[in-house]
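Supplied in structure tokens, the structure appears directly below.
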Number of protein chains: 2
Amino acid sequence: MSRTPLHPTREQIELPTVLDCLSDPIRLAIVYQLARQERVSSELCCSDFYALSGKSNLAYHFAKLRECGLMQTRVAGTNRFMRLRREDLDARFPGLLDAVLKSAARDAERLELIDTCDVVEAD
Amino acid sequence: MSRTPLHPTREQIELPTVLDCLSDPIRLAIVYQLARQERVSSELCCSDFYALSGKSNLAYHFAKLRECGLMQTRVAGTNRFMRLRREDLDARFPGLLDAVLKSAARDAERLELIDTCDVVEAD
DNA sequence: CCTTATGTTCAACGTTTATTGAACTATCGA
DNA sequence: TCGATAGTTCAATAAACGTTGAACATAAGG
């Protein structure tokens, strides 16, 4: 629990790995919530995702999301703050993340995605 | 070998399944080649993909691609002609397929993607 | 210092996955 | 009718995956 987790560099981010990461419903929900939160605080911590699964299972999915370059973790006290690596992803695969998020938003009910923030806005 | 394979309806196409299908390098290469071929004949058959893997492994991946709704198979004699279900995918997840294909094209060498047709065009 | 809160790590498990070769089915052409 | 061709299906295998609970590590608060 001590070390700052390793993240791939922008150039090391791979398309198949990213798609595989996004193909898991829990990880897609995590990314979706992180994206929604971007406009507010841009960061969320583990306990913000308890609705999705248990702590240890979340830690497993966080690790996958970090390893593939989708998100970044910042350690602060006993908390880990996560945020999307949007700049890197947009630079590496322009339009991909937005297309996935938009598709996910369309299927929000089907995918059982929950809005973390209650703010509703037009698209 | 007799029946025309089953495909999901447009509405049955699911985002996680599609992403999972595209996350496999061989299937991504198949989809990429189908997309490149779209401008020419729009259809390819199994033997056009022998460079990617063996017949039986290809049949396995074709089945996955059909089941998730990414491609469609038409039986004609001893051949099966495959094409992308672009209209359905674009209707269901606008921009997604193009974003993936564009990202794949950028990483063509890294992903060892081969141009089926020798036609080179600007983007 | 002791306790609580946060999150990770580990071992175990059952499931799904990709890959292989052999057997099979069906169609086409000679 | 007899190959040859095209592709599927099946069984077997090894690896990777997602989930669980228990144990652990770290930092904050009293």
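Since the model is a prediction, treat every value here as computed from it, not as a measurement. All chains are named by letter (A, B, ...) in the order of the sequence lines, taking the proteins before the strands, and each is independently numbered beginning at 1.
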B:D88: salt bridge (charged side-chain N to carboxylate O under 4.0 Å, His left out) partners, not counting sequence neighbours: B:R10, B:R85

Which residues share a side-chain hydrogen bond (donor to acceptor under 3.5 Å, both in side chains) with A:S53, sequence neighbours left out: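 In terms of side-chain hydrogen bond (donor to acceptor under 3.5 Å, both in side chains), with neighbours along the sequence ignored, A:S53 is linked to A:N57.
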
N/O (side chain, A:R80) to phosphate O (OP1/OP2, D:dT26) under 4.0 Å: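 For D:dT26, OP1/OP2 do not have a side-chain N/O of A:R80 under 4.0 Å.
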
Gap between atoms CZ and C1', on B:R27 and C:dT16 respectively (whole Å):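 To the nearest whole Å, that distance equals 12 Å.
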
Those residues that, when tested against B:R83, pass salt bridge (charged side-chain N to carboxylate O under 4.0 Å, His left out) (two or more places apart): none

Among C:dT17, C:dT8, D:dG7, the one nearest A:R66 by side-chain distance: C:dT8

Selection residues 46-78 of chain B - residue pairs positive for ring pair (Phe, Tyr, Trp, His ring centres under 6.0 Å), sequence neighbours left out: B:F49-B:F62

Below 4.0 Å: OP1/OP2 of C:dT17 and any side-chain N or O of B:K64: yes

Spacing between A:L65 atom CG and D:dG18 atom P, to the nearest angstrom: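 Roughly 10 Å, once rounded to whole Å.
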
Distance in angstrom units between A:R74 CZ and C:dG7 C1', rounded: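 Going from A:R74 (CZ) to C:dG7 (C1'), I get 15 Å.
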
Phosphate contact (C:dG7 OP1 or OP2) by A:N79 side-chain N/O below 4.0 Å: yes

Whole angstrom value for the distance that separates C1' of D:dT26 from NZ of A:K55: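 It is 12 Å, rounded to the nearest whole Å.
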
A:D20 CG to C:dA18 P, straight-line distance once rounded to whole Å: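 After rounding, the reported distance stands at 9 Å.
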
Protein-to-nucleotide contact annotation, 5' to 3' order, nucleotides 19-24 of chain C [B base; S sugar-phosphate only; - none; under 4.0 Å, heavy atom]: BBBB--

Partners passing side-chain hydrogen bond (donor to acceptor under 3.5 Å, both in side chains) against A:E38 (at least two apart in sequence or in another chain): A:R86

N or O in side chain of B:S47 less than 4.0 angstrom from D:dT5 OP1/OP2: no

Euclidean distance, atom CZ of residue B:F49 to atom C1' of D:dA6 [Å, nearest integer]: 14 Å

Salt bridge (charged side-chain N to carboxylate O under 4.0 Å, His left out) against B:E87, all qualifying residues, sequence neighbours excluded: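 Checked B:E87 against salt bridge (charged side-chain N to carboxylate O under 4.0 Å, His left out); zero matches.
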
Difference in axis direction between the ends of the helix from C:dC1-D:dG30 to C:dA30-D:dT1, five pairs, 10°: 20°

Check: B:I26 main-chain N/O paired with B:D24 side-chain donor or acceptor under 3.5 Å: yes

Interatomic distance where CD belongs to B:E67 and P belongs to C:dA18 [whole Å]: 11 Å

Please tabulate, one pair per line, all N/O donor-acceptor pairs under 3.5 Å involving side-chain atoms of residues 11-20 of chain B, not counting sequence neighbours.
unit_1, atom_1, unit_2, atom_2, d
B:E11, OE1, A:R110, NH2, 3.0
B:Q12, OE1, B:T9, N, 3.0
B:E14, OE2, A:R110, NH1, 3.4

Nucleotide nearest B:T78 (side chain, heavy atoms from C-beta), chosen from D:dT8, D:dA6, D:dG7: D:dA6

Whether A:D48 side chain and A:C45 backbone form a donor-acceptor pair below 3.5 Å: yes

Euclidean distance, atom OH of residue A:Y50 to atom P of C:dA5 [Å, nearest integer]: 11 Å

